[in-house]
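Worksheet: the structure to be examined is printed underneath.
Numbered from 1 within each chain, the chains take letters A, B, ... in sequence-line order.
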Protein chains: 2
Amino acid sequence: MENTNICPVDYVVDLISGKWKVLIIWHLKFSKKRFGQLQRNLDGVSKKVLSQHLRELEKSGLIKRDVIPSLPVQVEYSLTERGMELSTILEEINRFGSVLLKGPTIS
Amino acid sequence: MENTNICPVDYVVDLISGKWKVLIIWHLKFSKKRFGQLQRNLDGVSKKVLSQHLRELEKSGLIKRDVIPSLPVQVEYSLTERGMELSTILEEINRFGSVLLKGPTIS
DNA sequence: CAGCATCCATGGAGATACTG
DNA sequence: CAGTATCTCCATGGATGCTG
């Protein structure tokens, strides 16, 4: 997770290398979610890790964080345009990975 | 690097999450290379890590390993068809990442 | 040359408790 | 509810030496 990368590929890979990053993006792709919802959806994440990941994704402009000044506070997360773009790449990766997983290593 | 993933995306991400994986694929994309060449190209990799990565990439069918029975032994690594496919995805990621890195977080 | 065995360092992830 | 603060643990990467 080193930001000192000059390589854009490594940069993006780092972005989605976090243990839950892909899942977070996946879930937000379909609808915005609140913190607690996400935590329940990603079965097993600790709050610490979840908020770390969310902050990183936000910092790189992939997700948006909206604070709703209710009581108690609610926070909604959603994908940005860029996050949407990334999710289409993830779909490609998904297709590719599916083939890899099914087809035995023919090399 | 858990193989127990059901998610194809995570599977692929794990595949290219190793610190040098992307670079290895990148270098092999243009020409096959010997172990020592790779080690020199990826400035700073230890032999241990390099061979670990190579074995993993081979195991998942992304690269091919050819042993040339000379003295001393030479080993050539090259991309498989699947590795080539992946490298096109990496190029997309590259484009996307470049935008991310240049443009400030407009969200 | 290619690569394995060993030991060590580091940081990312988990568990838990506390707060505005 | 949505986090932050600590502490611990383990996997990954690094350094070095040995071998067919």
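Atoms CG and CZ, from A/L62 and B/F96 in turn, are 5.5 Å apart once rounded to the nearest 0.5 Å. In this structure, the separation between CG on B/L86 and CD1 on B/I93 is 7.5 Å, given to the nearest 0.5 Å.
Distances shorter than 4.0 Å separate some side-chain N or O of B/R65 from OP1 or OP2 on C/dG3. Distances shorter than 4.0 Å separate none of the side-chain N or O atoms of B/H53 from OP1 or OP2 on D/dT12. The side chain of B/R55 contributes an N or O atom lying less than 4.0 Å from OP1 or OP2 of C/dC4. For C/dG3, the OP1/OP2 oxygens have a side-chain nitrogen or oxygen of B/Y77 closer than 4.0 Å.
For the residue pair B/V73 and B/V75, the shortest heavy atom distance occurs at CG1-CG2, 4.0 Å. Of all heavy-atom pairs spanning B/G61 and B/T80, the tightest one is O-OG1, 2.6 Å. Closest of all the heavy-atom pairs between B/L38 and B/L50 is CB-CD2, 4.2 Å. When all heavy atoms are compared, the tightest approach of A/L79 to A/S87 is CD1-CB, 4.4 Å.
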N/O to N/O distances under 3.5 Å, protein versus nucleotides 14-20 of chain C:
| residue | atom | partner | partner atom | Å |
| --- | --- | --- | --- | --- |
| C/dG14 | OP1 | A/K19 | NZ | 3.3 |
| C/dG14 | OP2 | A/W20 | NE1 | 3.4 |
| C/dG14 | N7 | A/K48 | NZ | 3.1 |
| C/dG14 | O6 | A/K48 | NZ | 2.6 |

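As a whole-Å value, the separation of A/E76 CD from D/dA2 P is 9 Å. Between the CD1 atom of A/I63 and the C1' atom of D/dA2 there is a distance of 14 Å, given to the nearest Å. One can place NZ of A/K21 at 10 Å from C1' of C/dG12, the figure rounded to the nearest angstrom. The nearest whole Å value for the distance from the CG atom in A/N41 to the C1' atom in D/dA2 is 16 Å. Distance, A/Q37 CD to D/dG3 C1': 16 Å, rounded to whole Å. Between the P atom of C/dC1 and the CD atom of B/Q39 lies a distance of 10 Å, rounded to the nearest Å. A/L54 places its CG atom 10 Å from the P atom of D/dT4, with the value rounded to the nearest Å. Following rounding to the nearest Å, B/L50 (CG) and D/dT16 (P) show an atom-to-atom distance of 17 Å.
Over its full length, the helix from C/dC1-D/dG20 to C/dG20-D/dC1 turns its helical axis through 50°, comparing axes from the five pairs at each end and rounding to 10°.
A salt bridge is defined here as a Lys NZ or Arg NE, NH1 or NH2 lying under 4.0 Å from an Asp or Glu carboxylate O, and B/R34 with B/E76 fails to meet this definition. B/E91 has a carboxylate O that lies under 4.0 Å from a charged side-chain N of B/K29, or vice versa, which qualifies the two as a salt bridge. A salt bridge links A/K21 with A/E56: at least one charged nitrogen is closer than 4.0 Å to a carboxylate oxygen.
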Step by step, work out the side-chain contact (heavy atoms from CB on, under 4.5 Å) result for B/V49 and B/S46. CA-CA 5 Å; B/V49 173; B/S46 68; 3.3 Å; yes
Going through the distances and angles, do A/K32 and A/D66 end up as a side-chain contact (heavy atoms from CB on, under 4.5 Å)? CA-CA 10 Å; A/K32 58 171 114 175; A/D66 285 309; 5.9 Å; no
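No donor-acceptor contact under 3.5 angstrom links the side chains of B/S78 and B/K64, judged on distance only.
Scanning residues 23-35 of chain B for heavy-atom distances under 4.0 Å to DNA chain C yields B/R34, B/F35.
The side chain of A/S51 has D/dT4 as its nearest neighbour among D/dA2, D/dT4, C/dC4.
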